[in-house]
Amino acid sequence: MYKLNTISNSIFSLDPSYVKQFQDHLLTWYNDNKRTLPWRENQDPYRVWVSEIMLQQTRVDTVIPYFERFTALFPTLQDLAYADEETVLKAWEGLGYYSRVQNLQTAVKEVCETYAGKVPDSPKEIAGLKGVGPYTAGAVLSIAYGIPEPAVDGNVMRVLSRILLIEEDISKPKTRVIFENAVRELISHEDPSSFNQGLMELGALVCTPKSPACLLCPMRDLCKGFEEGKQNELPIKLGKTKVRTAKMAAGILAGEDGRLLIHKRPSEGLLANMWEFPNTEYVGENKNAETEALGSYVEETILASVELEERAGYIEHVFSHLKWEIQLWQGKVRFKGENLPADWKWVRVDELEKYPFPVSHQKIIRLIKEAIIL
DNA sequence: AAAACGGGGGT
DNA sequence: ACCCCAGTTTT
(Lines give C-alpha, C1' and ligand atoms only; values in the text may rest on other atoms or scores of the structure.)
Protein backbone atom coordinates (compact mmCIF):
# COMPACT_ATOMS: atom_id res chain seq x y z
CA MET A 1 0.00 0.00 0.00
CA TYR A 2 2.60 2.55 0.99
CA LYS A 3 5.98 2.66 2.60
CA LEU A 4 6.86 4.80 5.54
CA ASN A 5 10.32 4.47 6.98
CA THR A 6 11.44 6.42 9.96
CA ILE A 7 15.21 6.52 9.97
CA SER A 8 15.33 8.65 13.08
CA ASN A 9 12.92 10.86 14.93
CA SER A 10 13.49 13.79 12.67
CA ILE A 11 14.48 12.47 9.24
CA PHE A 12 11.80 10.83 7.19
CA SER A 13 12.39 8.78 4.13
CA LEU A 14 9.09 8.68 2.38
CA ASP A 15 8.48 6.60 -0.71
CA PRO A 16 8.17 8.82 -3.81
CA SER A 17 4.86 7.27 -4.82
CA TYR A 18 3.52 7.91 -1.32
CA VAL A 19 4.60 11.53 -1.53
CA LYS A 20 2.91 11.89 -4.91
CA GLN A 21 -0.35 10.42 -3.64
CA PHE A 22 -0.19 12.55 -0.53
CA GLN A 23 0.12 15.69 -2.64
CA ASP A 24 -2.54 14.63 -5.12
CA HIS A 25 -5.12 13.75 -2.51
CA LEU A 26 -4.47 16.83 -0.42
CA LEU A 27 -4.36 19.33 -3.30
CA THR A 28 -7.46 17.90 -4.98
CA TRP A 29 -9.38 17.99 -1.72
CA TYR A 30 -8.22 21.51 -0.91
CA ASN A 31 -9.13 22.77 -4.35
CA ASP A 32 -12.64 21.37 -3.98
CA ASN A 33 -13.23 22.27 -0.33
CA LYS A 34 -11.34 25.43 0.56
CA ARG A 35 -13.37 28.14 2.22
CA THR A 36 -13.78 31.56 0.70
CA LEU A 37 -11.88 33.80 3.08
CA PRO A 38 -11.07 37.50 2.75
CA TRP A 39 -7.30 36.93 2.83
CA ARG A 40 -7.63 34.47 -0.03
CA GLU A 41 -8.87 37.15 -2.44
CA ASN A 42 -5.35 37.70 -3.68
CA GLN A 43 -1.73 36.97 -2.80
CA ASP A 44 -0.77 40.44 -1.61
CA PRO A 45 2.09 39.65 0.80
CA TYR A 46 0.97 42.41 3.16
CA ARG A 47 -2.55 41.04 3.42
CA VAL A 48 -1.30 37.48 3.80
CA TRP A 49 1.02 38.66 6.53
CA VAL A 50 -1.69 40.56 8.41
CA SER A 51 -3.97 37.53 8.24
CA GLU A 52 -1.29 35.20 9.56
CA ILE A 53 -0.54 37.46 12.51
CA MET A 54 -4.24 37.72 13.34
CA LEU A 55 -4.66 33.97 13.03
CA GLN A 56 -2.01 33.20 15.62
CA GLN A 57 -3.84 31.40 18.43
CA THR A 58 -7.07 32.82 17.05
CA ARG A 59 -9.91 31.17 15.14
CA VAL A 60 -10.80 31.95 11.59
CA ASP A 61 -14.34 33.06 12.45
CA THR A 62 -13.01 35.49 15.05
CA VAL A 63 -10.45 36.93 12.66
CA ILE A 64 -12.68 37.57 9.62
CA PRO A 65 -14.36 40.82 10.80
CA TYR A 66 -11.11 42.13 12.28
CA PHE A 67 -9.27 41.45 9.03
CA GLU A 68 -11.95 43.26 7.01
CA ARG A 69 -11.84 46.33 9.23
CA PHE A 70 -8.08 46.36 9.62
CA THR A 71 -7.33 46.15 5.91
CA ALA A 72 -9.99 48.78 5.17
CA LEU A 73 -8.31 51.10 7.68
CA PHE A 74 -4.78 50.23 6.59
CA PRO A 75 -5.03 49.02 2.97
CA THR A 76 -1.30 48.96 2.34
CA LEU A 77 1.84 48.20 4.26
CA GLN A 78 2.72 51.89 4.11
CA ASP A 79 -0.64 52.90 5.58
CA LEU A 80 0.05 50.71 8.57
CA ALA A 81 3.65 51.84 8.91
CA TYR A 82 2.65 55.50 9.12
CA ALA A 83 -0.51 55.03 11.17
CA ASP A 84 -0.92 56.38 14.68
CA GLU A 85 -0.03 53.70 17.20
CA GLU A 86 -3.19 54.11 19.25
CA THR A 87 -5.38 53.92 16.14
CA VAL A 88 -3.69 50.63 15.30
CA LEU A 89 -4.22 49.29 18.79
CA LYS A 90 -7.87 50.36 18.68
CA ALA A 91 -8.30 48.33 15.48
CA TRP A 92 -6.97 45.28 17.34
CA GLU A 93 -9.11 45.88 20.45
CA GLY A 94 -10.76 42.65 21.56
CA LEU A 95 -8.51 40.33 19.53
CA GLY A 96 -6.02 39.77 22.33
CA TYR A 97 -2.27 39.24 22.30
CA TYR A 98 -1.83 42.94 21.65
CA SER A 99 1.93 42.68 21.22
CA ARG A 100 1.15 41.01 17.89
CA VAL A 101 -0.02 44.23 16.32
CA GLN A 102 2.66 46.36 17.94
CA ASN A 103 5.31 43.97 16.63
CA LEU A 104 3.59 44.00 13.24
CA GLN A 105 3.76 47.76 13.02
CA THR A 106 7.42 47.68 14.05
CA ALA A 107 8.03 45.11 11.33
CA VAL A 108 6.25 46.95 8.50
CA LYS A 109 8.24 50.04 9.40
CA GLU A 110 11.38 47.99 9.00
CA VAL A 111 10.14 46.70 5.65
CA CYS A 112 9.67 50.31 4.54
CA GLU A 113 13.08 51.38 5.71
CA THR A 114 15.19 48.35 4.92
CA TYR A 115 13.38 46.57 2.09
CA ALA A 116 11.91 49.53 0.17
CA GLY A 117 8.41 48.58 1.22
CA LYS A 118 8.51 45.09 -0.28
CA VAL A 119 7.93 42.16 2.07
CA PRO A 120 11.14 40.13 1.82
CA ASP A 121 10.95 36.73 0.12
CA SER A 122 13.99 35.12 1.68
CA PRO A 123 13.60 32.92 4.76
CA LYS A 124 16.38 34.67 6.65
CA GLU A 125 15.13 38.18 6.01
CA ILE A 126 11.46 37.56 6.70
CA ALA A 127 12.18 35.53 9.82
CA GLY A 128 14.20 38.45 11.13
CA LEU A 129 11.14 40.69 11.28
CA LYS A 130 9.55 41.39 14.66
CA GLY A 131 6.72 39.01 15.41
CA VAL A 132 7.56 36.68 12.52
CA GLY A 133 8.48 33.28 13.87
CA PRO A 134 9.00 30.00 12.04
CA TYR A 135 5.32 29.46 11.29
CA THR A 136 4.55 32.93 9.95
CA ALA A 137 7.75 33.03 7.90
CA GLY A 138 6.82 29.79 6.16
CA ALA A 139 3.19 30.80 5.74
CA VAL A 140 3.97 34.11 4.05
CA LEU A 141 6.74 32.65 1.89
CA SER A 142 4.57 29.80 0.65
CA ILE A 143 1.21 31.58 0.35
CA ALA A 144 2.34 34.94 -0.98
CA TYR A 145 5.43 33.89 -2.92
CA GLY A 146 4.94 30.21 -3.74
CA ILE A 147 8.16 29.20 -1.99
CA PRO A 148 8.20 25.59 -0.67
CA GLU A 149 8.82 26.29 3.01
CA PRO A 150 7.05 24.47 5.84
CA ALA A 151 4.43 26.36 7.85
CA VAL A 152 3.87 24.18 10.89
CA ASP A 153 1.11 25.25 13.24
CA GLY A 154 -1.10 23.31 15.62
CA ASN A 155 -3.26 22.02 12.78
CA VAL A 156 -0.30 20.69 10.85
CA MET A 157 1.14 18.93 13.88
CA ARG A 158 -2.20 17.30 14.60
CA VAL A 159 -2.81 16.23 11.00
CA LEU A 160 0.70 14.92 10.39
CA SER A 161 0.97 13.26 13.79
CA ARG A 162 -2.03 11.19 12.74
CA ILE A 163 -1.17 10.55 9.11
CA LEU A 164 2.49 9.71 9.76
CA LEU A 165 1.90 8.35 13.27
CA ILE A 166 4.31 10.71 14.97
CA GLU A 167 4.13 10.20 18.72
CA GLU A 168 6.43 12.96 19.92
CA ASP A 169 5.06 15.40 22.50
CA ILE A 170 3.89 18.41 20.49
CA SER A 171 4.04 20.64 23.55
CA LYS A 172 7.83 20.47 23.35
CA PRO A 173 9.45 23.23 21.26
CA LYS A 174 11.87 20.95 19.42
CA THR A 175 9.07 18.71 18.21
CA ARG A 176 8.06 21.35 15.67
CA VAL A 177 11.32 20.67 13.81
CA ILE A 178 10.33 17.05 13.28
CA PHE A 179 7.15 18.19 11.55
CA GLU A 180 9.02 20.77 9.49
CA ASN A 181 11.28 18.01 8.22
CA ALA A 182 8.26 15.90 7.37
CA VAL A 183 6.74 18.79 5.42
CA ARG A 184 9.98 19.36 3.55
CA GLU A 185 9.74 15.83 2.23
CA LEU A 186 6.05 16.01 1.44
CA ILE A 187 5.45 19.52 0.17
CA SER A 188 4.39 20.11 -3.42
CA HIS A 189 6.92 22.22 -5.26
CA GLU A 190 4.29 22.98 -7.89
CA ASP A 191 1.88 24.51 -5.37
CA PRO A 192 3.39 25.03 -1.92
CA SER A 193 0.67 27.55 -1.05
CA SER A 194 -2.20 25.12 -1.55
CA PHE A 195 -0.23 22.35 0.10
CA ASN A 196 0.37 24.27 3.33
CA GLN A 197 -3.11 25.77 3.39
CA GLY A 198 -4.58 22.38 2.53
CA LEU A 199 -2.93 20.79 5.54
CA MET A 200 -4.33 23.50 7.81
CA GLU A 201 -7.74 23.48 6.16
CA LEU A 202 -7.91 19.73 6.60
CA GLY A 203 -7.08 20.18 10.27
CA ALA A 204 -9.80 22.80 10.64
CA LEU A 205 -12.55 20.99 8.73
CA VAL A 206 -11.89 17.23 8.89
CA CYS A 207 -8.94 16.20 11.03
CA THR A 208 -10.31 18.09 14.03
CA PRO A 209 -8.98 17.85 17.62
CA LYS A 210 -11.98 15.87 18.88
CA SER A 211 -13.70 13.17 16.84
CA PRO A 212 -11.98 13.63 13.49
CA ALA A 213 -14.17 12.88 10.45
CA CYS A 214 -11.99 10.07 9.15
CA LEU A 215 -14.76 8.64 6.97
CA LEU A 216 -14.81 11.88 5.01
CA CYS A 217 -11.04 12.29 4.93
CA PRO A 218 -9.23 12.37 1.60
CA MET A 219 -6.06 11.15 3.33
CA ARG A 220 -7.64 8.12 5.00
CA ASP A 221 -5.94 5.54 2.79
CA LEU A 222 -2.60 7.24 3.47
CA CYS A 223 -3.13 7.64 7.21
CA LYS A 224 -1.10 5.39 9.43
CA GLY A 225 -2.90 6.66 12.52
CA PHE A 226 -6.25 5.60 11.09
CA GLU A 227 -4.82 2.29 9.94
CA GLU A 228 -3.75 1.59 13.52
CA GLY A 229 -6.91 3.02 15.03
CA LYS A 230 -4.94 5.65 16.92
CA GLN A 231 -6.44 8.78 15.38
CA ASN A 232 -8.19 9.69 18.63
CA GLU A 233 -5.01 9.31 20.70
CA LEU A 234 -3.00 11.71 18.56
CA PRO A 235 -1.37 14.12 18.76
CA ILE A 236 0.45 13.43 22.00
CA LYS A 237 0.35 16.56 24.10
CA LEU A 238 1.69 16.56 27.62
CA GLY A 239 2.26 19.47 29.95
CA LYS A 240 -0.25 21.19 32.14
CA THR A 241 -1.94 24.50 32.56
CA LYS A 242 -1.83 26.51 35.72
CA VAL A 243 -3.82 29.68 36.10
CA ARG A 244 -2.97 32.04 38.90
CA THR A 245 -5.80 34.02 40.45
CA ALA A 246 -5.26 37.69 41.26
CA LYS A 247 -7.66 39.74 43.36
CA MET A 248 -7.97 43.20 41.87
CA ALA A 249 -9.68 46.38 42.98
CA ALA A 250 -10.64 48.83 40.23
CA GLY A 251 -12.12 52.29 40.47
CA ILE A 252 -14.74 54.23 38.55
CA LEU A 253 -13.37 57.50 39.80
CA ALA A 254 -14.90 60.86 38.98
CA GLY A 255 -13.14 64.18 39.22
CA GLU A 256 -14.88 67.33 40.32
CA ASP A 257 -16.25 67.96 36.82
CA GLY A 258 -17.60 64.41 36.64
CA ARG A 259 -15.07 63.10 34.13
CA LEU A 260 -13.58 59.67 34.80
CA LEU A 261 -9.97 58.78 35.44
CA ILE A 262 -8.27 56.31 33.11
CA HIS A 263 -4.71 55.04 32.87
CA LYS A 264 -2.55 53.81 30.02
CA ARG A 265 -0.67 50.60 30.83
CA PRO A 266 3.11 50.36 30.39
CA SER A 267 4.54 49.62 26.96
CA GLU A 268 5.66 46.14 27.99
CA GLY A 269 4.04 43.20 29.65
CA LEU A 270 0.40 42.25 30.01
CA LEU A 271 -2.00 44.31 27.85
CA ALA A 272 0.81 46.65 26.90
CA ASN A 273 -0.28 50.19 25.98
CA MET A 274 -3.96 49.44 26.54
CA TRP A 275 -6.06 51.84 28.63
CA GLU A 276 -7.73 50.78 31.85
CA PHE A 277 -9.59 52.03 34.86
CA PRO A 278 -7.28 52.60 37.81
CA ASN A 279 -6.73 49.25 39.47
CA THR A 280 -4.34 47.33 41.62
CA GLU A 281 -3.91 43.88 43.02
CA TYR A 282 -4.73 43.51 46.70
CA VAL A 283 -4.22 40.90 49.38
CA GLY A 284 -6.89 40.18 51.95
CA GLU A 285 -10.53 39.31 52.23
CA ASN A 286 -12.44 42.41 53.23
CA LYS A 287 -13.58 45.69 51.75
CA ASN A 288 -10.92 47.46 53.74
CA ALA A 289 -8.16 45.62 51.91
CA GLU A 290 -9.69 46.64 48.61
CA THR A 291 -10.17 50.33 49.37
CA GLU A 292 -6.82 50.63 51.11
CA ALA A 293 -4.95 49.14 48.14
CA LEU A 294 -6.85 51.02 45.46
CA GLY A 295 -6.99 54.30 47.33
CA SER A 296 -3.32 54.47 48.18
CA TYR A 297 -2.31 53.35 44.68
CA VAL A 298 -4.18 56.21 43.05
CA GLU A 299 -3.31 58.76 45.70
CA GLU A 300 0.40 58.00 45.52
CA THR A 301 0.56 57.71 41.75
CA ILE A 302 -1.17 60.93 40.75
CA LEU A 303 -1.04 62.86 44.05
CA ALA A 304 -4.72 63.18 44.81
CA SER A 305 -7.13 62.39 47.56
CA VAL A 306 -9.48 59.56 46.79
CA GLU A 307 -12.80 58.77 48.39
CA LEU A 308 -14.16 55.33 47.60
CA GLU A 309 -17.90 55.40 48.21
CA GLU A 310 -19.40 52.05 47.35
CA ARG A 311 -18.86 48.78 45.63
CA ALA A 312 -20.15 49.08 42.08
CA GLY A 313 -19.87 45.54 40.83
CA TYR A 314 -17.73 42.46 40.41
CA ILE A 315 -16.06 41.18 37.27
CA GLU A 316 -14.21 37.98 36.50
CA HIS A 317 -11.85 37.79 33.59
CA VAL A 318 -9.81 34.78 32.55
CA PHE A 319 -6.59 34.99 30.57
CA SER A 320 -4.62 31.99 29.36
CA HIS A 321 -2.34 32.15 32.39
CA LEU A 322 -4.16 34.40 34.84
CA LYS A 323 -7.58 35.02 36.32
CA TRP A 324 -8.63 38.44 37.51
CA GLU A 325 -11.32 38.78 40.15
CA ILE A 326 -12.09 42.47 40.02
CA GLN A 327 -13.96 44.30 42.77
CA LEU A 328 -15.28 47.52 41.34
CA TRP A 329 -15.47 50.68 43.43
CA GLN A 330 -17.16 53.94 42.63
CA GLY A 331 -15.72 57.09 44.10
CA LYS A 332 -14.46 60.65 43.82
CA VAL A 333 -11.03 62.13 43.29
CA ARG A 334 -9.74 65.51 44.36
CA PHE A 335 -6.68 66.10 42.26
CA LYS A 336 -4.09 68.24 43.97
CA GLY A 337 -1.40 68.72 41.37
CA GLU A 338 -1.08 70.88 38.26
CA ASN A 339 -1.02 68.21 35.59
CA LEU A 340 -1.88 64.58 35.49
CA PRO A 341 1.00 62.25 34.57
CA ALA A 342 1.11 61.59 30.81
CA ASP A 343 -0.27 58.08 31.18
CA TRP A 344 -3.36 59.28 33.06
CA LYS A 345 -6.36 61.07 31.61
CA TRP A 346 -9.76 62.52 32.48
CA VAL A 347 -12.43 61.47 30.01
CA ARG A 348 -16.17 61.82 29.63
CA VAL A 349 -18.15 58.59 29.40
CA ASP A 350 -18.91 59.27 25.73
CA GLU A 351 -15.18 59.62 25.03
CA LEU A 352 -14.26 56.20 26.41
CA GLU A 353 -14.84 54.51 23.07
CA LYS A 354 -11.96 56.42 21.50
CA TYR A 355 -9.44 54.55 23.62
CA PRO A 356 -8.40 50.91 23.27
CA PHE A 357 -9.46 48.94 26.34
CA PRO A 358 -8.93 45.23 27.00
CA VAL A 359 -12.13 43.20 27.21
CA SER A 360 -11.85 43.00 31.00
CA HIS A 361 -12.23 46.77 31.20
CA GLN A 362 -14.79 46.94 28.40
CA LYS A 363 -16.91 45.00 30.84
CA ILE A 364 -16.51 47.90 33.27
CA ILE A 365 -17.50 50.39 30.57
CA ARG A 366 -20.61 48.34 29.94
CA LEU A 367 -21.54 48.54 33.62
CA ILE A 368 -21.03 52.30 33.65
CA LYS A 369 -23.24 52.82 30.62
CA GLU A 370 -25.94 50.54 31.99
CA ALA A 371 -25.89 52.45 35.28
CA ILE A 372 -26.29 55.76 33.47
CA ILE A 373 -29.28 54.54 31.51
CA LEU A 374 -30.97 53.25 34.65
C1' DA B 1 12.77 24.41 28.25
C1' DA B 2 9.28 26.94 30.39
C1' DA B 3 6.52 30.91 31.10
C1' DA B 4 4.28 35.03 29.46
C1' DC B 5 1.01 36.68 26.53
C1' DG B 6 -5.91 37.44 25.29
C1' DG B 7 -9.87 36.08 24.07
C1' DG B 8 -13.43 33.16 22.41
C1' DG B 9 -15.62 28.82 21.26
C1' DG B 10 -16.35 23.81 21.49
C1' DT B 11 -17.40 19.69 24.26
C1' DA C 1 -14.00 22.48 33.70
C1' DC C 2 -10.85 21.71 30.27
C1' DC C 3 -9.01 22.01 25.69
C1' DC C 4 -7.81 24.30 21.57
C1' DC C 5 -6.87 27.82 18.39
C1' DA C 6 -3.13 29.38 10.95
C1' DG C 7 2.44 31.19 17.66
C1' DT C 8 6.20 34.48 19.23
C1' DT C 9 9.02 36.53 22.64
C1' DT C 10 11.18 36.61 26.89
C1' DT C 11 13.20 34.45 30.76
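Chain A is the first sequence line, chain B the second, and so forth, proteins listed ahead of strands; every chain is numbered from 1.
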- Note on the structure: The nucleotide from C/dC5, C/dA6, B/dC5 with an atom nearest the side chain of A/Leu270 is B/dC5
- Is a side-chain donor or acceptor of A/Tyr98 paired with a backbone partner of A/Gly94 at a separation under 3.5 angstrom? yes
- Polar side-chain atom of A/Asn31 near backbone of A/Leu27 as donor-acceptor pair, under 3.5 Å: no
- Query: What is the nucleic acid contact for A/Gly94, judged by heavy atoms within less than 4.0 Å: base, sugar-phosphate only, or nothing?
  - Reply: sugar-phosphate
- Message: For a quick test of reading the model: is some side-chain N or O of A/Arg158 closer than 4.0 Å to OP1 or OP2 of C/dC5?
- Response: yes
- Task: Please state how far atom CZ in A/Arg176 lies from atom P in C/dG7, giving the value in whole angstrom units.
- Result: 12 Å
- Query: Within the structure shown, what part of the strands sits under 4.0 Å from A/Gly269 by heavy-atom distance: base, sugar-phosphate, or nothing?
  - Reply: sugar-phosphate
- A/Leu322 CG to B/dG6 C1', straight-line distance once rounded to whole Å: 11 Å
- Message: Could you tell me how far apart A/Met54 (CE) and B/dC5 (P) are, to the nearest whole angstrom?
- Response: 22 Å
- Item | Shortest side-chain distance from A/Pro173, nucleotide among B/dA1, C/dC3, B/dG6 | B/dA1
- Message: With a 3.5 Å cut-off and heavy atoms only, can you find an N or O donor on one side and an acceptor on the other between the side chain of A/Arg59 and the base of C/dC4?
- Response: yes
- Query: Is the backbone of A/Gln102 close enough, under 3.5 Å, to the side chain of A/Thr106 for a donor and an acceptor to pair up by distance?
  - Reply: yes
- Using a cut-off of strictly less than 4.0 Å, decide whether A/Lys237 has a side-chain nitrogen or oxygen near OP1 or OP2 of C/dC2. no
- Rounded to whole angstroms, how far apart are CG on A/Leu205 and C1' on C/dA6? 12 Å
- Note on the structure: Regarding the side chain of A/Gln56, the nearest nucleotide among C/dT8, C/dA6, B/dG8 is C/dT8
- Item | Whole-angstrom distance between B/dG8 and C/dT8, as gauged at atom P | 22 Å
- Under the 3.5 angstrom rule, does the side chain of A/Gln362 hit a backbone N or O of A/Phe357 as a donor-acceptor pair? yes
- Query: Can you tell which of C/dA6, B/dG6, C/dC3 lies closest to the side chain of A/Ser320?
  - Reply: B/dG6
- Message: In this structure, how many angstroms lie between the C1' atom of C/dT9 and the NZ atom of A/Lys130, rounded?
- Response: 6 Å
- Note on the structure: Walking DNA chain C from its 5' end, the first of A/Val60 and A/Gly131 to be reached, judged by nearest nucleotide, is A/Val60
- Side-chain N or O of A/Lys242 less than 4.0 angstrom from OP1 or OP2 on B/dA3? yes
- Task: Give none if C/dA1 has no partner; otherwise give the nucleotide forming a Watson-Crick or G-U wobble pair with it, both distances under 3.5 Å.
- Result: B/dT11
- Given C/dC5, is OP1 or OP2 found less than 4.0 Å from the side-chain N or O atoms of A/Gln57? no
- Would you indicate what A/Val132 reaches in the nucleic acid, counting non-hydrogen atoms under 4.0 angstrom: base, sugar-phosphate, or nothing? sugar-phosphate
- Message: Rounding to an integer number of Å, can you tell me how far A/Phe357 CZ sits from B/dG6 P?
- Response: 16 Å
- Item | Nearest-angstrom distance from the residue atom CG of A/Leu238 to P of B/dA1 | 14 Å
- Would a distance-only check, ignoring hydrogens and angles, find a side-chain to backbone donor-acceptor pair under 3.5 Å from A/Arg158 to A/Pro235? no
- Item | Under 3.5 Å: donor-acceptor pair, side chain of A/Arg47, backbone of A/Arg40 | no
- For A/Arg40, report the nucleic acid contact type (base, sugar-phosphate, nothing); a contact means any heavy atom under 4.0 Å. base
- Query: Is it true that atom NZ of A/Lys345 has more than 12 heavy atoms of other residues, nucleotides or ligands lying nearer than 6.0 Å?
  - Reply: no
- Roughly how many Å is it from OH in A/Tyr98 to C1' in B/dA4, rounded to a whole number? 16 Å
- Just call it for A/Lys323: base, sugar-phosphate, or nothing, with non-hydrogen atoms closer than 4.0 Å on any strand. nothing
- Take atom C1' in C/dC4 and the same atom in B/dG6, then report the distance between them in whole Å. 14 Å
- Message: I want to check one thing: is the phosphate of C/dC5, taken as OP1 and OP2, less than 4.0 Å away from some side-chain N or O of A/Tyr97?
- Response: no
- Between B/dC5 and A/His321, is there an OP1 or OP2 to side-chain N/O distance shorter than 4.0 Å? yes
- Message: Looking at the base of B/dG7, is there any donor atom on it, or on the side chain of A/Thr58, that sits under 3.5 Å from an acceptor on the other one?
- Response: no
- Using the P atom in both, what is the distance from B/dA3 to C/dC3, to the nearest Å? 16 Å
- Message: Would you measure the distance from the C1' atom in B/dC5 across to the matching atom in C/dC5 and give it in whole Å?
- Response: 14 Å
- Message: Students often get this wrong, so: under 4.0 angstrom with heavy atoms, is A/Thr136 touching a base, only sugar-phosphate, or nothing?
- Response: sugar-phosphate
- Position toward the 5' end of DNA chain B (nearest nucleotide), A/Lys210 or A/His317: A/His317
- Message: Count I, L, V, M, F, W, Y as connected when their side-chain heavy atoms are under 4.5 Å apart, and connections chain through other members. Are A/Trp275 and A/Trp344 then in the same cluster?
- Response: no
- Message: Using a heavy-atom cut-off of 4.0 Å across all strands, would you classify A/Leu95 as base, sugar-phosphate, or nothing?
- Response: base
- Between A/Met274 and A/Asp61, whichever has its closest DNA chain B nucleotide further toward 5' is A/Met274
